[in-house]
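Below, chains carry the letters A, B, ... as their sequence lines are ordered, and counting in each starts from 1. Below, all heavy atoms of this structure are taken into account, side chains as well, without hydrogens, waters or symmetry copies. Computed from a predicted structure; not experimentally measured.
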There are 2 protein chains.
Amino acid sequence: MTDLKTGANPLFLREEELRQAIEMLYFAYRDFTSEADAMLEKYGFGRAHHRVIYFVGRHPMISVSDLLDILKITKQSLSRVLGQLVRDGFIVQHRGTADRRQRLLELTAKGVEIERQLTEAQRQRIANAYREAGGDAVQGFRAVLLGIMDAPERGRFARRDQP
Amino acid sequence: MTDLKTGANPLFLREEELRQAIEMLYFAYRDFTSEADAMLEKYGFGRAHHRVIYFVGRHPMISVSDLLDILKITKQSLSRVLGQLVRDGFIVQHRGTADRRQRLLELTAKGVEIERQLTEAQRQRIANAYREAGGDAVQGFRAVLLGIMDAPERGRFARRDQP
DNA sequence: GACGATATGTCAACAACACTGACTTATTTT
DNA sequence: AAAATAAGTCAGTGTTGTTGACATATCGTC
């Protein structure tokens, strides 16, 4: 009744299915970042720099504390990386007008360019995977990833048809 | 003609779609590992220890070089982590019988137990996400992740109906 | 049986990136 | 005026990866 030979035991299949998902996430995420990681080396930067560049590009004039909320790292960790990026001219800081304590972050032209280069390989991977898998698969992909992440994070990906 | 206001410009939508995918991967992967990361601290271990424990559990009697092939790290990086796990009694090494140069790795009972605990939260996340998203979504999720990872890695997830 | 290749391990130095803890400055809010 | 907030800084620590060099045991082949 346990059906070990045929692999039809539902519990066994389920365990295998879950482990495959764990491993697919690991391999896909690692490969996903590999080209950008290689490119970053040439600038003497690491993955943390890419994250900062990416999210500043995505949210121009973001405050330091809002960026910390997204990245969920300490300000000491951020400051090392951000300091380099400002010194090297990839990011500029603007004093806030409403609240002058804030340092609002923005990519320079140089910053926009490196962001484009770094993210291009990742965009390509996603675009190819989406195209090959098809629209229904994309919806499934998004649904499962949303289910995996912590609930508060899901708000960042609200559906367009909801005001 | 560019339709900026309505958001109906297909290029614009596509860019937004790709960026959402990039971010979903980042947030989902980070949250996915958070419980295990917290548990590992209590043992004085890091995420690297979890990976070794996981893959040794998944491939009992795996050789060191095969494990290195999966993890794609240097043997020096592995040796630090593996050495700790062996010293602390989570993994045992068996001399290979066919090739006595090999050190085949296996979890101890203690190792099996910590593996179960560490992976449990991840299994739960996947199981919940799979259940909520449904079977078709799971297929889509797998298809897209397979498309994102490097082609050679895809072989690890062969379909069951192919011999 | 000698010799080159392979599997594994080890020592040392280094870099990236996260952390904690303590403290400062400027500005806003109460 | 006092408390809270935004941001920055200094110092120390730990994990995890890297490169390079070298050692030992075993296997496979000529």
Side-chain angles (χ1 to χ4, degrees), chain A residues 26 29-30 33-34 36-56 61-88 91-106, chain B residues 26 29-30 33-34 36-56 61-88 91-105 118:
Chain A
Y26 169 62
Y29 192 76
R30 187 186 60 186
T33 61
S34 61
D37 287 349
M39 212 174 311
L40 286 158
E41 271 186 56
K42 296 172 192 161
Y43 292 87
F45 290 160
R47 199 177 292 180
H49 297 79
H50 187 187
R51 284 191 201 123
V52 171
I53 288 172
Y54 179 89
F55 284 111
V56 170
M61 301 299 274
I62 191 176
S63 72
V64 172
S65 54
D66 284 352
L67 182 54
L68 287 174
D69 278 349
I70 291 177
L71 295 173
K72 291 197 169 60
I73 58 176
T74 61
K75 62 177 174 178
Q76 295 95 322
S77 293
L78 173 61
S79 102
R80 193 189 327 113
V81 171
L82 182 56
Q84 284 177 268
L85 292 171
V86 170
R87 267 194 301 284
D88 294 357
I91 288 178
V92 278
Q93 294 172 305
H94 306 277
R95 174 151 307 192
T97 48
D99 185 338
R100 287 168 47 81
R101 289 172 303 179
Q102 292 182 330
R103 299 292 180 275
L104 306 180
L105 308 173
E106 195 184 23
Chain B
Y26 169 62
Y29 191 75
R30 186 186 61 188
T33 60
S34 61
D37 287 349
M39 213 175 309
L40 285 158
E41 271 186 57
K42 294 173 193 158
Y43 291 88
F45 290 160
R47 198 178 293 180
H49 298 81
H50 186 187
R51 286 193 199 121
V52 171
I53 288 171
Y54 179 87
F55 283 111
V56 170
M61 301 300 272
I62 191 176
S63 71
V64 171
S65 53
D66 283 352
L67 182 54
L68 287 174
D69 278 349
I70 291 178
L71 296 173
K72 290 196 171 58
I73 59 175
T74 60
K75 64 177 174 177
Q76 295 95 321
S77 295
L78 174 60
S79 103
R80 197 186 318 113
V81 172
L82 181 56
Q84 284 176 268
L85 292 172
V86 170
R87 266 194 300 283
D88 294 358
I91 288 179
V92 278
Q93 294 172 307
H94 306 276
R95 174 151 309 193
T97 48
D99 185 339
R100 287 167 48 82
R101 292 172 302 180
Q102 293 182 330
R103 300 291 180 274
L104 305 179
L105 308 174
L118 286 172

Distance, rounded to the nearest Å, where [X] contributes [atom1] and [N] contributes [atom2]:
X: B:Lys75; N: C:dT6; atom1: NZ; atom2: P; value: 13 Å
X: B:Leu40; N: D:dT15; atom1: CG; atom2: P; value: 11 Å
X: A:His50; N: C:dA18; atom1: NE2; atom2: P; value: 14 Å
X: A:Lys72; N: C:dC17; atom1: NZ; atom2: C1'; value: 18 Å
X: A:Leu78; N: D:dA7; atom1: CG; atom2: C1'; value: 10 Å
X: A:Arg103; N: C:dT28; atom1: CZ; atom2: P; value: 10 Å
X: A:Gln84; N: C:dA16; atom1: CD; atom2: P; value: 7 Å
X: A:Gln102; N: D:dA6; atom1: CD; atom2: P; value: 8 Å

Counting side-chain heavy atoms from C-beta on, which of [options] comes nearest to [X]?
X: B:Arg100; options: D:dC27, C:dC19, C:dT27; result: D:dC27
X: B:His49; options: D:dT18, D:dT16, C:dC17; result: D:dT16
X: A:Arg95; options: C:dC19, C:dT8, C:dT27; result: C:dT27
X: A:Asp99; options: C:dT20, C:dT28, D:dT26; result: C:dT28
X: A:Ser65; options: C:dT8, D:dG17, D:dA6; result: D:dA6

- Message: Between B:Ser79 and C:dG9, is there a contact of a side-chain N or O with OP1 or OP2 at under 4.0 Å?
- Response: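 False: B:Ser79 side-chain N/O out of range (4.0 Å or more) of C:dG9 OP1/OP2.
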- Query: Can you tell me if the side-chain N/O atoms of B:Thr74 get under 4.0 Å from OP1 or OP2 in D:dG17?
  - Reply: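 Checking B:Thr74 against D:dG17: no side-chain N or O falls below 4.0 Å of OP1 or OP2.
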- Verify side chain to side chain contact (heavy atoms under 4.5 Å, CB included) between B:Val92 and B:Val86, making sure each step is shown before the conclusion. CA-CA 6 Å; B:Val92 278; B:Val86 170; over 6 Å; no
- Item | B:Arg30 to B:Tyr26 six-membered ring, cation-pi geometry met (6.0 Å, 45°) |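 The answer is yes, since B:Arg30 meets both limits relative to B:Tyr26.
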Any heavy-atom pair between the side chains of [Y] and [X] that's under 4.5 Å?
X: B:Tyr43; Y: B:Asp88; result: no
X: B:Gln93; Y: B:Leu105; result: yes
X: B:Val64; Y: B:Lys75; result: no

- First of B:Gln93 and A:Gly44 reached from the 5' end of DNA chain C, by closest nucleotide: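 Upstream on the strand: B:Gln93.
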- What is the nucleic acid contact for A:Ser77, judged by heavy atoms within less than 4.0 Å: base, sugar-phosphate only, or nothing?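 Here A:Ser77 touches the bases of the nucleic acid.
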- Give A:Gly96 one of three labels, base, sugar-phosphate or nothing, depending on what nucleic acid heavy atoms sit under 4.0 Å from its own.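 Nothing, no heavy atom under 4.0 Å.
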- Message: Check this for me: does the side-chain of B:Gln76 come within 3.5 Å of the base of D:dG17 through a donor and an acceptor?
- Response: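 Donor-acceptor pair under 3.5 Å: no.
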- Is the base of D:dG17 touched by the side chain of B:Arg47 through a donor-acceptor pair closer than 3.5 angstrom?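 It does not, because no donor-acceptor pair links the side chain of B:Arg47 to the base of D:dG17 below 3.5 Å.
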